[in-house]
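Only one structure is covered here, and it is reproduced in the block below.
We use all heavy atoms of the structure for the numbers below, so side chains are in, but hydrogens, waters and symmetry mates are not.
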Amino acid sequence: MFSTPAFADAATAAQQPGLIESFLPLILIVVIFWFLVLRPQSKRMKQHREMVANVKRGDTVVTAGGLIGKVVRVKDDNEIEVEIGEGVKVRVVKSTLSEVRAKGEPAKTEE
């Protein structure tokens, strides 16, 4: 029932994990988070920036608010003019575009 002090010291020394062993789960969680969340999100952001940068006159665009129209004029690096109806033109900030359809490209259908 009683143990010797030498045996008790050896048991407590074997139970304490090292510095690397204690941080390994945290490092593993960060790596998994990077590959499952951060990396795909940064790829999507890069694709969106390229899409917005390549908007030109005549493209059909869809805004984040759901407006669909044709680009009449690219005003500057931040703004475009979109015709949403016959004779109805609105100014739209480029970063609010959610989709750019090329000239004559049909609408995407979910099948």
Side-chain angles (χ1 to χ4, degrees):
M1 190 149 109
F2 296 108
S3 63
T4 62
F7 183 68
D9 287 340
T12 57
Q15 292 176 353
Q16 294 178 352
L19 184 64
I20 294 175
E21 294 170 345
S22 62
F23 282 115
L24 189 62
L26 182 63
I27 293 170
L28 186 63
I29 289 171
V30 169
V31 168
I32 290 171
F33 185 76
W34 170 261
F35 280 106
L36 293 179
V37 177
L38 296 177
R39 190 167 168 237
Q41 180 65 26
S42 65
K43 283 185 176 182
R44 268 185 255 124
M45 287 174 53
K46 183 179 177 182
Q47 288 174 344
H48 184 261
R49 270 181 280 172
E50 289 174 2
M51 175 190 69
V52 168
N54 294 329
V55 171
K56 58 188 177 295
R57 185 174 180 260
D59 288 346
T60 302
V61 295
V62 180
T63 66
L67 295 175
I68 300 174
K70 187 172 281 193
V71 177
V72 177
R73 182 171 65 177
V74 179
K75 286 191 159 200
D76 56 14
D77 289 341
N78 195 26
E79 218 174 85
I80 59 174
E81 192 171 302
V82 177
E83 184 175 23
I84 57 175
E86 196 170 318
V88 181
K89 297 176 185 175
V90 293
R91 291 179 7 202
V92 177
V93 177
K94 277 186 172 182
S95 62
T96 62
L97 298 178
S98 61
E99 184 180 348
V100 176
R101 300 176 184 163
K103 289 182 183 178
E105 180 181 331
K108 293 181 182 176
T109 58
E110 294 181 27
E111 293 179 355

Say whether Val100 and Ile80 are linked into one hydrophobic cluster, either directly or through other cluster members, by side-chain heavy-atom distances under 4.5 angstrom.
yes
If we ignore hydrogens and angles and just use 3.5 Å, is the side chain of Thr63 paired with the main-chain N or O of Thr96 as donor and acceptor?
no
List in chain and number order the residues that pass side-chain hydrogen bond (donor to acceptor under 3.5 Å, both in side chains) with Glu83, two or more places apart in sequence or in another chain; answer none if no residue qualifies.
none
Do the side chains of Leu97 and Val55 get nearer than 4.5 Å, heavy atoms only?
yes
Pairs involving residues 86-98, ordered by first then second residue, that meet salt bridge (charged side-chain N to carboxylate O under 4.0 Å, His left out) (sequence neighbours left out):
Glu79-Arg91
Please list, chain by chain and in numerical order, all residues satisfying side chain to side chain contact (heavy atoms under 4.5 Å, CB included) with Asn78, sequence neighbours excluded.
Asp76, Val93
Determine all donor-acceptor pairs shorter than 3.5 Å in which one atom belongs to a side chain in residues 64-71; sequence neighbours excluded.
none

Please find the pair of heavy atoms, one from Val52 and one from Ser95, that lie closest to each other, and give the distance.
CG1-N, 4.5 Å
With a 3.5 Å distance limit and no angle check, can you tell me whether Arg57 reaches the backbone of Val72 through a side-chain donor-acceptor pair?
yes
For Val61 and Val82, run side chain to side chain contact (heavy atoms under 4.5 Å, CB included): C-alpha distance rounded to whole Å, both residues' side-chain angles, the deciding distance at 0.1 Å, then the answer.
CA-CA 8 Å; Val61 295; Val82 177; 4.0 Å; yes
Is the closest side-chain heavy-atom distance between Arg101 and Glu99 below 4.5 Å?
yes
For Lys56, what residues pass the side chain to side chain contact (heavy atoms under 4.5 Å, CB included) criterion, not counting sequence neighbours?
Asp59
Listing, residues 23-41 side-chain donor-acceptor contacts under 3.5 Å, not counting sequence neighbours, or none:
unit_1	atom_1	unit_2	atom_2	d
Gln41	OE1	Arg44	NH1	2.8

